[in-house]
Amino acid sequence: MSVIIGEKEFFKGIDQIKYEGPESKNPLAFRWYDENRVVAGKTMKEHLRFAGAYWHSFCGNGADPFGEATHLFEWDKKQDAVERAKDKMDAAFEFLTKMNLPYYCFHDVDVVDYTSDVVENERRLQALVDYAKQKQASSGVKLLWGTANLFSNRRYMNGAATNPDFHVLSHGGAQVKAALDATIALGGENYVFWGGREGYMTLLNTDMKREQEHLARFLHAAKDYARKQGFKGTFFIEPKPCEPSKHQYDYDAATVISFLRQYDLLNDFKLNLEVNHATLAGHTFQHELQVAVDAGLLGSMDANRGDYQNGWDTDQFPNNINELVESMLIILEGGGFKGGGINFDAKIRRNSTDNADLFYAHIGGMDTFARALVVADNILQHSEYKKIRTDRYASFDNGKGKAFEEGKLTLEDLRAFAVENGEPVLKSGRQEYLENLINWYI
Ligand code: XLS
Ligand code: NI
Ligand code: NI
């Protein structure tokens, strides 16, 4: 990959970030992420498939409900929307290539500002698709997934695909069509649906059943259109329990899987799991990963972390090695991502205002994942981790336990076995031992 700088350099004084090894003292270098290092049969680049997120890194200006923007972007200055968007894209590709990120992800409105005119929006997006094609070709950066923002515009205040007003739903359809066209034109490998407002604020005014049926119809229409245009990639649903809705229909992995099954969408859709969404749903991220892996539906992930002391999607950059090792154990044992990768759906803090802060954030995230990958692989290759778990279930490997698994025992048979064998011996779950085992390998 070569560094791509547009007409103007936006991240001055920062060169290509390189791997320097764990002993390096350079804050602008990788200590663990060595893209060509082979772990468990694949390079780190192939395992991790890192992506930069357009919305947080190049649009999120640090504003919060209590205060104005603090990130004053040099690329956000020009009058003309398309010209302004090209500057932003120059900045994005400069950053992506300096960071050595192989992929990026976007919403339609991240790339260029939208108006209330569908046709004008399509024209704008098309202009930027043409520009992105050149940028992708000269840099080698690829599109991991595209998506449409169906939650920011005021018309979507009651949802898009689940809006009680069909007229609003039709605008969602128009936006998804254009976003799909853009994703396909750019060789996007996947397409995401995150339904922030596909839910309700109060049940007093909501026909939940009807809204969910509309959502399923909408997803079928989008899928059918994309397939007709030759899209071969995977569609991902990104679960989240709430925020901005009080309740979101795509609550968590298990809920989404049952929705996909009920509405016959399992052939085309998988999951894009986000760390902070898992914790909002009252789960660990590892729980969500395991649910997806067990269903064969782990498509991709949005990397970030929440704050233990507050209950919203703070989207901080990931840096907790213990949590990521536990996650990588599940991802590795599950055979990796099906089509997706690791998208940094994370933002630097409002008061992180140096040019270098965005780099530190991504370096920390990429290094922590790379290190977690190495540690998890060591645990799987060299420790008793897997054996301890397998041994726990040994009583089902033969005899009556095996017969039970095979569906050959009745309830009367279970009683007979209990009577014959008396009280079971207590067997430890060895949780603390296993927690220590993880730390030995870190
Ligand atoms: C918001 C979501 C969003 C999706 C893309 O919480 O994480 O950023 O990833 O629409
Ligand atoms: Ni996300
Ligand atoms: Ni999120």
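We use all heavy atoms of the structure for the numbers below, so side chains are in, but hydrogens, waters and symmetry mates are not. Just so you know, residue 1 is the first one in the sequence shown, and it goes up from there. Just so you know, ligand 1 is whichever comes first in the structure, and atom 1 is the first atom listed for that ligand.
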Please set out all donor-acceptor pairs under 3.5 angstrom arising from side-chain atoms of residues 364-377, sequence neighbours excluded.
residue	atom	partner	partner atom	Å
Asp367	OD1	Arg31	N	3.2
Asp367	OD1	Trp32	N	2.8
Asp367	OD1	Tyr33	N	2.9
Asp367	OD2	Arg31	N	2.8
Thr368	OG1	Gly364	O	2.5
Asp377	OD1	Gln381	NE2	3.2

Task: atom 2 (C) of ligand 1 - nearest protein heavy atom and its distance - done: Glu238 OE2, 3.3 Å
Task: Atom name in Asp313, limited to N/O/S, at shortest distance from the Ni ion (ligand 3) - done: OD2
Open item on the list: Under 3.5 Å, is there a donor on one side chain and an acceptor on the other for Glu211 and Tyr249?
Closed with: yes
Task: Heavy-atom side-chain proximity of Asp113 to Arg124 below 4.5 angstrom - done: yes
Task: Subset of ligand 1 atoms that lie under 4.0 Å from at least one heavy atom of Trp55 - done: 8 (O)
TODO: Please indicate how many protein N/O/S atoms are found closer than 2.8 Å to the Ni ion (ligand 2), with waters neither displayed nor included.
DONE: 4
Task: Proximal ligand 1 atoms for Asp302, defined as those under 4.0 Å from one of its heavy atoms - done: 9 (O)
- [ ] Evaluate the salt bridge (Lys or Arg N to Asp or Glu O under 4.0 Å) criterion for residues Lys240 and Asp250: first the C-alpha distance (whole Å), next the side-chain angles of each, then the deciding distance (0.1 Å), finally the verdict.
- [x] CA-CA 6 Å; Lys240 188 176 183 183; Asp250 299 330; over 6 Å; no
Open item on the list: With a cutoff of 4.0 Å, is Glu243 in contact with ligand 1, counting heavy atoms of the residue only?
Closed with: no
TODO: Would you indicate which of Lys240, His107, Gln248 comes nearest to atom 10 (O) of ligand 1 when only heavy atoms are counted?
DONE: His107
Open item on the list: So for ligand 1, is Asp313 a polar contact partner (N or O within less than 3.5 Å, distance only)?
Closed with: yes
Task: Nitrogen or oxygen of Trp194 less than 3.5 angstrom from that of ligand 1 - done: no
Task: Euclidean distance, Glu323 CD relative to Arg305 CZ, rounded to 0.5 Å - done: 8.5 Å
TODO: Examine the side chains of Trp312 and Asn276 and answer whether a donor and an acceptor come within less than 3.5 Å of each other.
DONE: no
Task: Protein heavy-atom partner closest to atom 8 (O) of ligand 1 - residue, atom, separation in Å - done: Asp345 OD2, 3.0 Å
Open item on the list: For Asp165, is there an ion pair with Arg155 - N to carboxylate O distance below 4.0 angstrom?
Closed with: no
Task: Donor-acceptor pair between Asp315 and Asn304 side chains, under 3.5 angstrom - done: yes
Open item on the list: So, using side-chain contact (heavy atoms from CB on, under 4.5 Å) as the criterion, who are the partners of Asp15 when residues are at least two apart?
Closed with: none
Task: Donor on one side chain, acceptor on other, Asn322 and Asn439, under 3.5 Å - done: yes
- [ ] Looking only at distances, please establish whether an N/O atom of ligand 1 is found under 3.5 Å from an N/O atom of Asn272.
- [x] no
Task: Residues which pass side-chain contact (heavy atoms from CB on, under 4.5 Å) with Asp117, listed by chain and number, not counting sequence neighbours - done: Thr115, Val119, Glu120
